[in-house]
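Below is one structure, written out as structure tokens; the observations come after it.
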Protein chains: 2
Amino acid sequence: MSQRTRLTPEQRREQLLDLGVRLFANHSLDEISIDVVAREAGISRGLLYHYFGDKMAFREAVVRRAAEALVAQTAPPETGEPVERLLASMTAYVDFVDANYEGYVSMVRGAASDPVLRAIYDEAFGALGTRIFEADVDFVVDSPAARLIVRGWQAMSEEMVLSWKADAAGLSREELLGVLAGSLPVLLELLGSG
Amino acid sequence: MSQRTRLTPEQRREQLLDLGVRLFANHSLDEISIDVVAREAGISRGLLYHYFGDKMAFREAVVRRAAEALVAQTAPPETGEPVERLLASMTAYVDFVDANYEGYVSMVRGAASDPVLRAIYDEAFGALGTRIFEADVDFVVDSPAARLIVRGWQAMSEEMVLSWKADAAGLSREELLGVLAGSLPVLLELLGSG
DNA sequence: CCATTCTATTGACATCTGTTCAATAGGCAA
DNA sequence: TTGCCTATTGAACAGATGTCAATAGAATGG
């Protein structure tokens with residue numbers, strides 16, 4: 001069986017990563033055989049190994065690309081009021097999950113099942129969290145306890161956006177954003193009053 | 001290699017489930033070979049299939065037992081003020097994660113990577129969430145949006161307890177509980193004022 | 001237009017792991 | 001002690017991962 005299509009390494013790599021995002025969004029690593037990936041991509045199994053080394057490295061590349069896209073696309077604007085910039089970043093987060101749902105789910109699923117993928121995920125979310133402490137808003141005071149709360153708030157945001165995506169629950173995008181944005185200050189205030 | 005040890009089915013099942021909890025806490029499904037499970041348990045591979053059918057079903061049984069233990073051990077007390085009962089249930093949750101850390105992580109990891117395990121996890125957390133709406137406290141008014149917020153609050157609680165377990169971040173158990181308990185009403189109030 | 005070179009791509013093979021099932025042996029009852 | 005029940009085993013099978021020398025697009029130079 002010939003019918004080879006010869007692409008540049010960049011094109012081929014992109015094609016395979018895109019495919020990986022689609023596949024890993026709905027199935028775990030061991031549910032996706034190399035055969036399936038190869039057949040779906042119209043290539044031989046060997047080629048996948050040529051580009052990514054092994055199956056795990058392929059998965060890792062897929063998750064890493066999703067994480068990098070998340071961090072890049074949620075970068076807060078350079079100018080504007082601190083609170084405005086935070087809100088813009090948060091809006092970008094919601095829209096990213098909305099637009100890249102499959103890739104996002106792929107990343108989350110991966111993070112839970114493998115330490116290496118978890119590290120990639122943690123690094124991405126650590127970067128998002130750090131932005132909050134660099135934002136110069138009055139209700140954010142850096143401390144270990146505040147870091148813990150921000151982590152929790154991020155987990156809450158993720159869960160709510162994913163649940164909202166699955167079932168809007170009667171909330172508009174703006175109402176959802178209102179809850180997420182409003183919750184951060186009130187949660188951090190619990191530290192002082194607790 | 002003889003040296004068989006013949007147990008009752010219940011004993012053997014318990015032994016294997018306990019072992020599964022330990023193993024799946026630190027490694028994903030495909031990282032744990034049947035050989036490892038069998039060797040660790042001192043049995044043959046075949047016996048695991050005799051008891052659980054296949055590898056996935058074994059994993060499923062491990063997660064299901066953890067989920068059932070979680071729901072059982074966080075049951076709120078029958079008597080007392082509604083708010084007190086909620087707080088007692090939440091305290092039981094924190095203590096459960098603290099005491100059964102490996103089993104809890106095993107459940108969370110599994111839930112993210114497989115639809116069947118996810119369903120078990122969702123059912124357990126749905127049960128915990130429903131308790132909140134049945135608790136008869138004034139700040140909880142049932143609605144799709146409120147359900148969404150409770151889901152988010154649960155995700156936040158989980159993340160914070162796990163992070164706190166890994167690194168106390170200077171918070172005592174009581175301070176952590178204070179933040180978790182205090183956050184639920186203020187989050188739900190965001191719905192009215194938003 | 002042809003030949004050459006480079007390398008993207010293949011396919012067969014070795015190895016490992018999940019799964020099945022007939023055979024084996026531990027322990028209780030008669 | 002004998003015999004039966006069934007917990008347990010181990011070998012055989014199926015399917016997937018990972019390896020590597022061989023193959024064939026396509027650009028380049030004459």
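Because only heavy atoms are used, hydrogens play no part in the values below, and waters and symmetry mates are left out as well, while side chains stay in. Every chain is numbered from 1 and lettered A, B, ... according to where its sequence line falls, protein lines coming before strand lines.
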Look at all strands and tell whether [X] reaches a base, only sugar-phosphate, or nothing, counting heavy atoms closer than 4.0 Å.
{"X": "B:Thr5", "result": "sugar-phosphate"}
{"X": "A:Ile34", "result": "sugar-phosphate"}
{"X": "B:Ile32", "result": "sugar-phosphate"}
{"X": "A:Leu29", "result": "nothing"}

- Task: Hey, which sits more toward the 5' end of DNA chain C by its nearest nucleotide, B:Gly53 or B:Arg6?
- Result: B:Gly53
Take atom [atom1] of [X] and atom [atom2] of [N], then tell me their distance rounded to the nearest Å.
{"X": "B:Gln11", "N": "D:dT6", "atom1": "CD", "atom2": "C1'", "result": "15 Å"}
{"X": "B:Arg4", "N": "D:dC5", "atom1": "CZ", "atom2": "C1'", "result": "14 Å"}
{"X": "A:Asp54", "N": "D:dC20", "atom1": "CG", "atom2": "P", "result": "14 Å"}
{"X": "A:Leu47", "N": "D:dT23", "atom1": "CG", "atom2": "C1'", "result": "13 Å"}
{"X": "B:Lys55", "N": "C:dT19", "atom1": "NZ", "atom2": "C1'", "result": "12 Å"}
{"X": "A:Arg39", "N": "D:dT17", "atom1": "CZ", "atom2": "P", "result": "11 Å"}
{"X": "B:Glu10", "N": "D:dT6", "atom1": "CD", "atom2": "C1'", "result": "13 Å"}
{"X": "B:Glu31", "N": "C:dT17", "atom1": "CD", "atom2": "C1'", "result": "15 Å"}

Can a side chain N or O of [X] be found less than 4.0 Å away from OP1 or OP2 on [N]?
{"X": "A:Tyr49", "N": "D:dG18", "result": "yes"}
{"X": "B:Tyr51", "N": "D:dA7", "result": "no"}
{"X": "A:Arg12", "N": "C:dT9", "result": "yes"}

- When you measure from the side chain of B:Arg131 to the backbone N and O of B:Thr74, does any donor-acceptor pair fall under 3.5 Å? yes
- Message: Is there, by distance only and without an angle test, a donor paired with an acceptor across the side chain of B:Arg45 and the base of D:dT9 below 3.5 Å?
- Response: no
- Task: Starting from the C-alpha separation in whole Å, work towards a yes-or-no answer on side-chain contact (heavy atoms from CB on, under 4.5 Å) for A:Ile132 and A:Leu184.
- Result: CA-CA 10 Å; A:Ile132 292 173; A:Leu184 184 59; 4.1 Å; yes
- Task: Give the nucleotide from the list C:dT19, D:dT17, C:dT9 with an atom nearest to the side chain of A:Leu7.
- Result: C:dT9
- Note on the structure: Checking D:dT17, C:dA8, D:dT8 against the side chain of A:Pro9 (C-beta onward), the nearest is C:dA8
- Message: Testing the 3.5 Å rule here: is there a donor-acceptor pair between the side chains of A:Glu134 and A:Thr130?
- Response: no
- Item | Verify same cluster id: B:Leu87, B:Leu128 (apolar side-chain graph, 4.5 Å) | no
- Might you point out which heavy atoms bring B:Leu86 and B:Ala135 nearest each other, and give the distance in Å? CG-CB, 3.9 Å
